[in-house]
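Chain letters run A, B, ... following the sequence lines, proteins first and then strands; every chain starts at 1.
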There are 2 protein chains.
Amino acid sequence: MHAYTLSRALPSQSDQMSLPAAFDGTQPQPVSFYPSGSEIYAQGEKAGALYQVEFGAVRLYRLLADGRRQISAFHLAGETFGFEADATHHFFAEAINATGVRAVRPAAGADVSRKLLPLALKGLIRAQEHLLVLGRQSAIERVAAFLLDMAERQGGLQPVELPMSRMDIGDYLGLTIETVSRVFTKLKDKGTIRLLGLRNVEIVRYDTLRNISE
Amino acid sequence: MHAYTLSRALPSQSDQMSLPAAFDGTQPQPVSFYPSGSEIYAQGEKAGALYQVEFGAVRLYRLLADGRRQISAFHLAGETFGFEADATHHFFAEAINATGVRAVRPAAGADVSRKLLPLALKGLIRAQEHLLVLGRQSAIERVAAFLLDMAERQGGLQPVELPMSRMDIGDYLGLTIETVSRVFTKLKDKGTIRLLGLRNVEIVRYDTLRNISE
DNA sequence: CGGACTGTTGAACGTTCTCAAAGACCGTGG
DNA sequence: CCACGGTCTTTGAGAACGTTCAACAGTCCG
């Protein structure tokens, strides 16, 4: 059981960068920089914009009253987050590392739903698949599924980079940091993965990992 | 650990019923009847239509290779399900009881995304909130949250009707039927709820239940 | 080089699962 | 209407998995 103190850092804007906007019919926005651990938005805040990760990584999470945390999703470079069912944010969003985020504010009158729907549906499928992991899989199955997911999202490049801490992984997989650490060690000892650094993993045997994650 | 055999029943159509269609720009469809336990669609099938529950209840779920099941959502009368990110169903849908379902097939060229987006977003929020339950809550907290959710979806009317079996509840909450049963008994013994029948629960103390579910 | 934070490892505990058996409920047919 | 059979639910006892608590090790930055 653990509690979190939320640090709020005002993002700095760097108009230097000008990557293409995600949506047609949107007003171009500069990239905001968020230092490691800083809050992008909080639960209960007024929503309105979407956010596209330019570099770095973001965690979305909810808290229980006693401080237990569930990370519902990580978002890496290129991914979009921040859609809500109503005008309020239902989750916290924080930068995991030094992160650049571009706000995507739909132009008034633009048909945003046509662009937004595929993203929302993809998020829905992803969340529902994660339900299966949290509801029905063992610790080692969860970690294996997580590693495969991270590898896939990085295009299968080795080594796989884990931008987040063990605590983030635990709070995403519904495990404690100790259990996550033990499973990593076990997979390492079995020769399934190699730990190149705390946040760099080489997957030696993909098939073994796939079998573990079912 | 348990496996499921899927029974496929051809739905019978009753054109008698003609409740209003959910969406503008859709072709009106008759209500299809699905007997208890019958399959509405299967994982891997080609998707295309949406479904609105007219009466009865539906479960959406995924299976692991060894038969473990995770129900990602229940859908009661009036609710809509069946949206997918691509042209394929990623889940199974089954009638829990005798259930009437109306297919909602968008007319060609209709702007379905504008109508669909709110539903998808609501489903996303619901799934992500369920992640918190599965990832971070104890058995009694899960059951309490489930009962409150069912009560709310039925307008707070007493007694709360549970259309599904203990196994369905377990597979939704990531618990075994034995644990679900034990928690029900515990809540009954504490006087928080009253079990009027196997599938009828009276919530005696809402506040206690809310405190339990955090 | 030092200090704080993050991660790893160990031992004991607790919650939930598994296996087993008895009890309650329901639909069917007599 | 009641008896029967099958299914679902409840209850119990023991085992397993993951957590908790604690100490140590490693890593990152100053």
Side-chain angles (χ1 to χ4, degrees), chain A residues 1-5 7 35-37 59 64 66-70 96-98 133-144 146 162-189 193-201 212, chain B residues 1-5 7 35-37 59 64 66-70 96-98 133-144 161-189 193-201 212:
Chain A
M1 212 148 291
H2 39 258
Y4 295 84
T5 46
S7 64
S36 178
R59 59 181 168 243
L64 289 172
D66 61 4
R68 281 175 289 176
R69 182 177 72 156
Q70 178 64 43
I96 294 175
N97 293 311
V133 174
L134 294 188
R136 285 293 174 227
Q137 297 205 293
S138 66
I140 193 168
E141 289 171 338
R142 296 182 199 200
V143 171
F146 170 72
L162 306 179
M164 68 292 288
S165 68
R166 296 289 187 270
M167 176 163 280
D168 284 335
I169 298 172
D171 284 349
Y172 177 65
L173 297 178
L175 301 170
T176 60
I177 53 178
E178 292 94 332
T179 299
V180 172
S181 182
R182 277 183 253 269
V183 172
F184 269 75
T185 302
K186 192 172 186 178
L187 289 172
K188 185 194 68 180
D189 291 348
I193 63 174
R194 204 170 295 162
L195 296 175
L196 307 177
L198 280 175
R199 302 195 173 186
N200 278 83
V201 179
I212 291 173
Chain B
M1 213 148 290
H2 40 258
Y4 295 83
T5 47
S7 64
S36 178
R59 58 180 169 243
L64 289 172
D66 61 4
R68 281 176 288 176
R69 182 177 72 158
Q70 177 65 44
I96 294 175
N97 293 312
V133 174
L134 294 187
R136 285 293 174 226
Q137 296 205 292
S138 67
I140 193 168
E141 289 170 339
R142 295 181 200 200
V143 171
E161 204 185 310
L162 307 179
M164 68 292 288
S165 68
R166 296 288 188 271
M167 175 163 280
D168 284 335
I169 298 173
D171 284 350
Y172 177 65
L173 297 178
L175 302 170
T176 60
I177 53 177
E178 293 95 331
T179 299
V180 172
S181 183
R182 276 184 252 268
V183 172
F184 270 76
T185 302
K186 193 172 184 177
L187 289 172
K188 185 194 68 179
D189 291 348
I193 64 173
R194 204 170 294 163
L195 296 175
L196 307 178
L198 281 175
R199 302 194 172 188
N200 278 83
V201 179
I212 290 172

Has the side chain of R68(A) got a donor or acceptor atom that lies under 3.5 Å from a matching backbone atom of Q137(B)? no
Once you build an axis from the first five pairs and another from the last five of the helix from dC1(C)-dG30(D) to dG30(C)-dC1(D), how far apart in angle are they, to 10 degrees? 40°
Please report the distance, rounded to the nearest Å, between CE in M167(A) and C1' in dA4(C). 15 Å
Does any N or O donor sit under 3.5 Å from an N or O acceptor when you compare the side chain of R182(A) with the base of dG10(C)? yes
The reported gap from CG in D168(B) to CZ in R69(B) (rounded to nearest 0.5 angstrom) is 4.5 Å
Scan S181(B) against the nucleic acid and name what it touches under 4.0 Å (heavy atoms): base, sugar-phosphate only, or nothing. base
Nearest-nucleotide pick for T176(B), side chain only, options being dT10(D), dT19(D), dC17(C): dC17(C)
Base, sugar-phosphate, or nothing for T179(A), non-hydrogen atoms under 4.0 angstrom? base
Would you give a per-nucleotide map of nucleotides 21-26 of chain C, 5' to 3', where B means the base has a protein non-hydrogen atom under 4.0 Å away, S means only the sugar-phosphate does, and - means neither? ----S-
R182(A)/T176(A) under side chain to side chain contact (heavy atoms under 4.5 Å, CB included): CA gap, chis, key distance, verdict: CA-CA 10 Å; R182(A) 277 183 253 269; T176(A) 60; over 6 Å; no
Which nucleotide sits closest to the side chain of L195(A): dT9(D), dT8(C), dT9(C)? dT8(C)
Interatomic spacing from CG in L175(A) to OG in S181(A) - rounded to 0.5 Å: 12.0 Å
What is the distance from CZ of R142(A) to P of dC17(D), rounded to the nearest Å? 14 Å
Measure from the side-chain N and O atoms of S36(B) to the backbone N and O of A98(B), and report whether any donor-acceptor pair falls under 3.5 Å. no
Minimal heavy-atom distance between Y172(B) and Q70(B), with the atoms involved, is O-NE2, 3.1 Å
Which is it for L187(B) and I212(B) under the side chain to side chain contact (heavy atoms under 4.5 Å, CB included) test, yes or no, and what are the steps along the way? CA-CA 10 Å; L187(B) 289 172; I212(B) 290 172; 3.8 Å; yes
In this structure, how many angstroms lie between the C1' atom of dG7(C) and the CG atom of L162(A), rounded? 13 Å
When rounded to whole Å, the CG to C1' distance for the pair N200(B) and dT9(D) reads 15 Å
Mapping E178(A) and A139(A) onto DNA chain D by nearest heavy atom, which one lands closer to the 5' end? A139(A)
Does the side chain to side chain contact (heavy atoms under 4.5 Å, CB included) test come out yes or no for V133(A) and F146(A), once each step is laid out? CA-CA 9 Å; V133(A) 174; F146(A) 170 72; over 6 Å; no
Please state how far atom CZ in R136(B) lies from atom P in dT16(C), giving the value in whole angstrom units. 14 Å
For side chain to side chain contact (heavy atoms under 4.5 Å, CB included), just list the numbers for T179(A) and R142(A), CA-CA rounded to whole Å, side-chain angles, deciding distance to a tenth of an Å, and then say yes or no. CA-CA 11 Å; T179(A) 299; R142(A) 296 182 199 200; over 6 Å; no
Roughly, in whole Å, what's the span from CD1 in I177(A) to C1' in dT9(C)? 12 Å
F184(A) versus I193(A), closest heavy-atom pair with distance: O-CD1, 3.9 Å
Distance, rounded to the nearest Å, where I169(A) contributes CD1 and dG7(C) contributes C1': 11 Å
For G174(B), which contact category applies under a 4.0 Å heavy-atom criterion: base, sugar-phosphate, or nothing? sugar-phosphate
Interatomic distance where CE belongs to M164(B) and P belongs to dT9(D) [whole Å]: 11 Å
Could you tell me whether L175(A) contacts a base, only the sugar-phosphate backbone, or nothing, with contacts defined as non-hydrogen atoms closer than 4.0 Å? sugar-phosphate
